[in-house]
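Quick notes on the structure that follows.
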Amino acid sequence: MMEIHEYEARRMVRMAEEAKTKAYVPYSNFHVGACLKADSGAYYLGCNIENAAYGPTNCAERTATFKAVYEGERKFEALAVAWDGDDYASPCGVCRQVLAEFCSPDMPVICANNKGEYAIRTLAELLPFAFGKKDLK
Ligand code: THU
């Protein structure tokens with residue numbers, strides 16, 4: 001796993017918790033926040049943004065990723081996710097695939113619960129045998 005110090009992990013969880021307060025969740029009332037740290041050192045925050053048609057809902061992780069990519073970032077050091085759940089946050093499959101486009105398999109994903117406790121997993125643990133640009137001819 002890429003290096004991440006405990007104080008940095010805690011700091012990113014706090015930022016993800018702050019991002020969580022911005023969630024637009026009139027349908028699920030389930031708040032999620034993400035904090036993505038780019039190679040540049042900048043942090044990009046995202047929340048989940050729901051939709052009356054449900055399907056177009058955007059997860060917090062993708063909001064943060066798309067904001068960062070728009071700003072020109074292409075490489076990332078770590079991601080923190082905080083949510084309302086009692087269990088550690090676990091990004092959905094679509095977000096795992098989006099993250100795999102830009103993040104290395106050994107990037108730490110700091111998965112927090114609603115008490116600020118967290119577990120650190122790698123992206124490869126979340127998405128083993130990922131499909132990616134290497135597979136295209
Ligand atoms: N959600 C996220 O934002 N990230 C996750 O990792 C899992 C799910 C959102 C989507 C939806 O707004 C709500 O949580 C309930 O599924």
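Here the structure is a predicted model, which is why all the values come from computation and not from measurement. Both counts, for ligands and for their atoms, begin at 1 and track the order of listing.
Side-chain heavy atoms closer than 4.5 Å link hydrophobic residues (I, L, V, M, F, W, Y) into clusters, and following such links, possibly through other members, connects L45 to V13.
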Got a list of side-chain donor-acceptor pairs under 3.5 Å for residues 29-36, not counting sequence neighbours?
residue, atom, partner, partner atom, Å
H31, ND1, N29, O, 3.4
H31, ND1, D84, OD2, 2.8

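The only member of E77, E73, R74, K75 that meets side chain to side chain donor-acceptor pair (under 3.5 Å) when paired with S40 is E73.
A distance of 11.5 Å separates OH of Y24 from CG of N48, quoted to the nearest 0.5 Å.
Listed by first and then second residue, the side-chain hydrogen bond (donor to acceptor under 3.5 Å, both in side chains) pairs involving residues 127-137 amount to none (not counting sequence neighbours).
Around ligand 1, the residues contributing at least one heavy atom under 4.0 Å from the ligand are S28, F30, V32, N48, E50, T57, C59, A60, E61, S90, P91, C92.
With sequence neighbours left out, the ring-ring contact (aromatic ring centres under 6.0 Å, His included) criterion links Y70 to no other residue.
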